[in-house]
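Heads up: numbering here begins at 1 and tracks the sequence. Worth knowing before you read on, the calculation uses all heavy atoms, side chains too, and leaves out hydrogens, waters and symmetry mates. As the structure is a computational prediction, the values presented were derived from the model and not from experiment.
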Amino acid sequence: ILMHCMMIREALDSVSLKNTRLIILTGRSGREISAVLRNCEDQFGFPRINVNTELSRGLLDLPPCDRPIMAERLLREIIMKVEGEAVLLDRTEVLFSRDLVLDPFRLLSNLGRYKTVIAAWNGDYDGSELVYAYTGHDDYRRYGRNHLGDTPILSVSSNGRGCVVA
């Protein structure tokens with residue numbers, strides 16, 4: 001986990017002067033990603049937000065037809081309320097719900113214009129494609145390298161290794 005925090009520190013330096021300050025933390029285990037984010041919360045003092053909980057709470061009182069329209073605005077308001085220049089977004093699965101009709105990568109990129117965003121992404125990155133879920137799953141998403149631009153993508157693995165792909 002310490003190695004992951006060092007990689008995140010390097011990625012923070014690489015995005016600091018960009019218009020969009022987004023870092024994706026990807027892996028197959030949400031529990032592992034959360035552990036790395038908790039450690040970074042302790043190490044760097046960045047606030048950590050459970051997106052599933054906070055966004056769902058904000059959307060709960062809205063009629064279902066208004067939820068897709070309001071989801072991005074609500075999440076932006078949530079991150080803007082927290083102190084600091086950077087925020088850790090944990091448990092982001094709700095962003096991939098087909099009911100919300102969101103483009104999760106575009107949404108996270110847009111949020112990176114307001115603050116530095118380090119976001120959990122349950123899936124894989126092979127150097128050319130960032131994938132969420134698996135083929136055939138309702139929430140499956142795939143983004144090619146040309147769509148990702150120069151966004152740093154850090155992989156968390158159970159063997160303690162990780163790699164930075166920019």
[atom1] of [X] to [atom2] of [Y]: how many Å apart, nearest 0.5 Å?
| X | Y | atom1 | atom2 | result |
| --- | --- | --- | --- | --- |
| Cys40 | Arg48 | SG | CZ | 10.5 Å |
| Thr116 | Phe46 | OG1 | CZ | 7.0 Å |
| Ile23 | Leu154 | CD1 | CG | 6.5 Å |

Sequence neighbours excluded, every pair satisfying salt bridge (charged side-chain N to carboxylate O under 4.0 Å, His left out) that has a member inside residues 118-137
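Found Arg28-Asp124, Glu129-Arg142.
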Side chain [X], main chain [Y], donor-acceptor under 3.5 Å:
| X | Y | result |
| --- | --- | --- |
| Lys18 | Arg113 | no |
| Ser29 | Glu32 | yes |
| Ser97 | Asp99 | yes |
| Arg67 | Ala71 | no |
| Ser14 | Ala11 | yes |
| Thr26 | Ser155 | no |
| Lys115 | Arg21 | no |

Starting from the C-alpha separation in whole Å, work towards a yes-or-no answer on side chain to side chain contact (heavy atoms under 4.5 Å, CB included) for Asn122 and Thr92.
CA-CA 8 Å; Asn122 290 352; Thr92 59; 6.0 Å; no
Show me the side-chain donor-acceptor pairs of residues 53-65 shorter than 3.5 Å, one per line, residues at least two apart or across chains.
residue, atom, partner, partner atom, Å
Thr53, OG1, Asn50, OD1, 3.3
Thr53, OG1, Asn50, ND2, 3.4
Glu54, OE1, Arg57, NH1, 3.2
Glu54, OE2, Arg57, NH1, 3.1
Ser56, OG, Asn52, O, 2.6

So among Ile79, Leu37, Ile118, which one has a side-chain contact (heavy atoms from CB on, under 4.5 Å) with Leu89?
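Only match with Leu89 under side-chain contact (heavy atoms from CB on, under 4.5 Å): Ile79.
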Looking at Val15 and Leu22, what are the two nearest heavy atoms and their distance?
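For Val15 and Leu22, the tightest heavy-atom pair comes out as CG1-O, 3.9 Å.
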Which pair of non-hydrogen atoms, one from Leu95 and one from Pro104, has the smallest distance, and what is that distance?
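Smallest interatomic distance, heavy atoms only, reads O-CG, 3.4 Å.
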Listed once per pair and sorted, the side chain to side chain donor-acceptor pair (under 3.5 Å) pairs that draw on residues 76-89, sequence neighbours left out
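Found Arg73-Glu77.
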Establish whether [X] and [Y] are linked, either directly or via other cluster members, by ILVMFWY side-chain heavy-atom contacts under 4.5 Å.
| X | Y | value |
| --- | --- | --- |
| Leu74 | Tyr114 | yes |
| Ile33 | Val131 | no |
| Met80 | Val51 | yes |
| Leu108 | Val82 | yes |

Taking the side chain as every heavy atom from C-beta outward, state whether Asp13 and Glu10 have any atom pair closer than 4.5 Å.
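With C-beta onward as the side chain, the pair stays apart.
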Please evaluate residues Leu75 and Leu107 with respect to the criterion side chain to side chain contact (heavy atoms under 4.5 Å, CB included), reporting the C-alpha separation (whole Å), side-chain torsions for both, the decisive distance (0.1 Å), and the verdict.
CA-CA 9 Å; Leu75 189 54; Leu107 168 61; 4.1 Å; yes
Taking side-chain contact (heavy atoms from CB on, under 4.5 Å) as the test, write out the residues that go with Asp139, two or more places apart.
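By the side-chain contact (heavy atoms from CB on, under 4.5 Å) rule, Asp139 matches Phe96, Arg98, Tyr132, His137.
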Side chain to side chain donor-acceptor pair (under 3.5 Å) with Asn19: which residues, sequence neighbours excluded?
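Result, side chain to side chain donor-acceptor pair (under 3.5 Å) vs Asn19: none returned.
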Check side chain to side chain donor-acceptor pair (under 3.5 Å) between Arg141 and all other residues, then give those that pass, not counting sequence neighbours.
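Not a single residue meets the side chain to side chain donor-acceptor pair (under 3.5 Å) criterion with Arg141.
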